[in-house]
Each structure stands twice: as C-alpha cells, then as structure tokens.
Amino acid sequence: MTQTNERVYTAANAGELREAVTRIVNEQSVTDMHTHLYAPAFGELLLWGIDEVLTYHYLIAEAVRASRIPYETYWGMSKPEQAAFIWQTLFVDRTPYSEACRGVVTVLNRLGLNPGDGRLEDFRAYFASQSVEDQVDQVFKAANLESVVMTNDPFDDLERPVWEAGAAVDPRFHAALRIDPLLNDWANAASILSARGYNVDAGFGGQTVAEVRRFLSEWIQRMKARYMAVSLPPDFNYPDDTPRSRVIRDCILPTAEEHGIPFALMIGVKRGVNPALKLAGDGVGIASVDAVERLCAKNPSNKFMVTMLARENQHALCVTARKFPNLMIFGCWWFLNNPVLIEEMTRMRFELLGSSVVPQHSDARVLEQVLYKWDHSRRIIAKVLADKYEDLVASGWKLSETAIREDAERLLGGAFWEFLS
Ligand code: RAT
Ligand code: ZN
C-alpha cells in the first residue's frame, strides 16, 4: 500500500534501497519465538552474565576440541574456572572468528565493554554491578526485542514448582509447553505421570489417553502456553506403531486443536553423539520430510511449526510449507545458526515462501546472547531482503517504504503471531 508523500523505490533509485531496508529492519522490534531464557521470576534458571555467556555449550565443544584437554578436566572445574579456560583458549590463544566466538565479541561490544583489549576481570566487574531486572530491560532495549518465548518443561523439578506457586511472570516472556519426555521416553514419562496422580500406564490401558490429555491441558492453561513443542531424532516417522505416534495422534493433536495452539516439531537432533561432552555432545542427522507432510495432510485442522536441523532437509521443508498453509517453518536451528547457512536458508525461504515464514529464532540460553544472535541475523535478513527488492524493482515494481515496513514487521514477529491467531 502506498501512502501519499512517502518514499517509493523503483529501478531509478534502487541504489538507495539497501540503506533503507537496513534501517527499517533494525528499527523493527522482534518476537523471539524459541529461546531457553526464563523470566526473572524463575530465579537462577535465568542465566545471564559473562561466565554463562562463555560457558555456552556451543563454546564448550569448541574449547575442548581446540585444547584437547580431557573431558573430566573440563567438567571438574568450577563455572568461573571453565569460563576463564574458554576465554584463554578461544579468545586469547586463538582468534575468535567462529560464529559462537564472534557472538561473545558482539555481546561485549554491544554492552560497551571493549572486547579487543578488555580483561575477563573487567567484564566480570561490569556484570557484578548490574541487577538482573535492569539487565533484562537493558538487553531487551538494546536488542530491540519485544518479547521472547521460553521453553517450559513440566518435567523439570526446578521449574515446575515456580509455575505451581503461581509466580507472576514478566509479560515479555511467553511460555511454550515442552514435552520431550512424553515423545522420546514414553515409559519413563508414563511412570512420572502416574506418580503424580494421573491414571496413566505405559501400555496405554484404562484412562491413559484421557489422563495424558488432562496433564497437557492443565499445563497449557497454567502456563498460558503459546504452543507445545518437542525435539525429535532424525529417524522420526509418522505415523508408525511406536508410542510416540500414538501419543501424537491420540493426545497431542486433539489437545492442541482444543486449545487452538500449534504443535512445534524440531527434527533432526542426535542426542548424546559424544556423551562425554554432556549438553555439548549432541549431533545432527538427515530426517524425513515425508513425516511432516503426512502430519500436515492428515490433520488439516491442526497447526504445525517445524524447524529441521540438517541443511539437506531445508529445500524439501520449504516445498512442503508451500503445500500446507497449516505448516509454518521457523528459524535456523543450532548448527544452522551460522552466517553461511542463515543466508542460504533465508534466501531460499524468501524465494519460495515470500514473507510467510519465521526466518529466525535465537535459541538463546543466556540473556545477553540475544544481542549477538539478533544483530547477526538482522544483518543477514536485511541483506537478503534488499537483494530481493532490488530484483523486484528491476523487474518493474514500485516499492514503498510502508511495504518494506510491513514485510519487516511480518518477518520479525508478525508471521508468528498471525499463525497463532
Ligand atoms: O540450541 C540449543 O541450545 C540446543 O541445545 C537445544 O536446546 C535445542 O535448541 C532444543 O531446543 O532442543
Ligand atoms: Zn532450543
């Protein structure tokens, strides 16, 4: 839509487009639809500060690999010792140009901390002088974040009591009900539910289906969950004769539909490829997009949000999204969250899906990480968008600033909220 007096771009002034797109994308606030951040009400579950930033599991893998220290030596250190070891190994002894390392540099820079010459002690002194509430405000403002979606696990014994106590959660932090144990460790999940008073048995006898649905409904309501989510291995198939398929078909899909929320599937993680690395030891595998197709085709009144971990799955997943309006694809997940792959995926998605995609989420585990994750991603999204607009005006289109703003709004949050509504 063109408003009077507003700037319009055509082939004649296409040279000015890139600057405008960069400005508009930077001015647009973000809804970060998948993170591992917690609202301050969750106390120590909200990770923040330089020692947490440095001991991010992406960096643990890189530091242990670079130094070749024994795993037990790393895990035997205290958190401040681990952070100091990672700083020394990846930032002092080497040049920190891997994406996870550059992320730390961006974070320090954005906080005004002079990463180039600063010492770890100076960074620590800065964080020690901040309160967590002020730091949340400051980081949200600097990252231009409107809100984030947490990952909320009712099987977690630290998190569950906070919800049960009815804690007042900062409204900038939305909830997502994460249910990995139900789908990836059914026998164990069934015994936990049964111990908590749900009439559930691993053989699906009696009231099992109704009781699992009651459990899900109670947690969706308690958390005001925006969606349910799970991470799945590369061999994920649907339908098949596993408990996982049964729980999806009989419990998750009808409950999601009843509450009008999507089911998010994150597919392709091989958990514990190297168990000695603990949280840093997961790998990637190519998965089947056919299972996603079947889910979407058989359940047209359910909404699905899908991200896949293997680069090799991205094209077929885009094509599947073209076929199914009840499928929203999102983010450049984990090992894909690197400039080369973000750019490739974003370009492919824009060309196949226009603005009907959630191009990125941060997956931040530590508050300050949103500073780098969104800085780096915004730059790539703006670059690819500017390329697409340049091609478009060269083909004869007239592009208004309003249209650019509308696209930026959709890409950085609007498409997610529209899909939920
Ligand atoms: O990206 C990550 O930090 C991974 O460890 C996982 O948390 C993954 O994003 C997930 O949600 O399972
Ligand atoms: Zn995650």
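Note: hydrogens, waters and symmetry copies are ignored here, and every other heavy atom, side chains too, is used. Every number for a ligand or one of its atoms is a count from 1 in the order of the listing.
At the top of the distance list for atom 10 (C) of ligand 1, counting protein heavy atoms only, stands Arg178 NH2, 3.4 Å. Counting only heavy atoms of the protein, atom 1 (O) of ligand 1 lies nearest to Tyr58 OH, 2.9 Å.
A donor and an acceptor atom, one from each side chain of His259 and Ser217, are located under 3.5 Å apart. For the residue pair Tyr38/Asn152, the side-chain donor-acceptor check at 3.5 Å is not satisfied. Side-chain N/O atoms of Asn26 and Arg379 include no donor and acceptor closer than 3.5 Å. Side-chain contact, Asn184 with Arg244: a donor N or O sits under 3.5 Å from an acceptor N or O. Side-chain contact annotation: Thr255 with Arg213, donor-acceptor N/O pair under 3.5 Å present. In this model, a donor atom of one side chain and an acceptor atom of the other lie less than 3.5 Å apart for Tyr198 and Glu218. Between the side chains of Asp32 and Trp374, at least one donor N or O sits under 3.5 Å from an acceptor N or O.
Ligand 1 lies out of reach of His361, whose nearest heavy atom is not under 4.0 Å from it. Residue contact annotation: Asp363 has a non-hydrogen atom under 4.0 Å from ligand 1.
Proximity annotation for atom 5 (O) of ligand 1: of His36, His57, Met266, His57 comes nearest, heavy atoms only. Considering only non-hydrogen atoms, atom 3 (O) of ligand 1 lies nearest to Arg365 out of Gln369, His34, Arg365, Arg271.
Every atom of ligand 1 is numbered from 1 in the order shown, and the set under 4.0 Å from a heavy atom of Trp333 is 8 (C), 9 (O).
Under the 4.0 Å criterion applied to side-chain N and carboxylate O atoms, Arg172 and Glu146 are not assigned as salt-bridge partners. Residues Arg365 and Glu52 are not paired through a salt bridge, judged by the lack of any N-O separation under 4.0 Å between the basic side chain and the carboxylate.
For the Zn ion (ligand 2), protein N/O/S neighbours under 2.8 Å (waters excluded) are His34 NE2, His36 NE2, Asp363 OD1.
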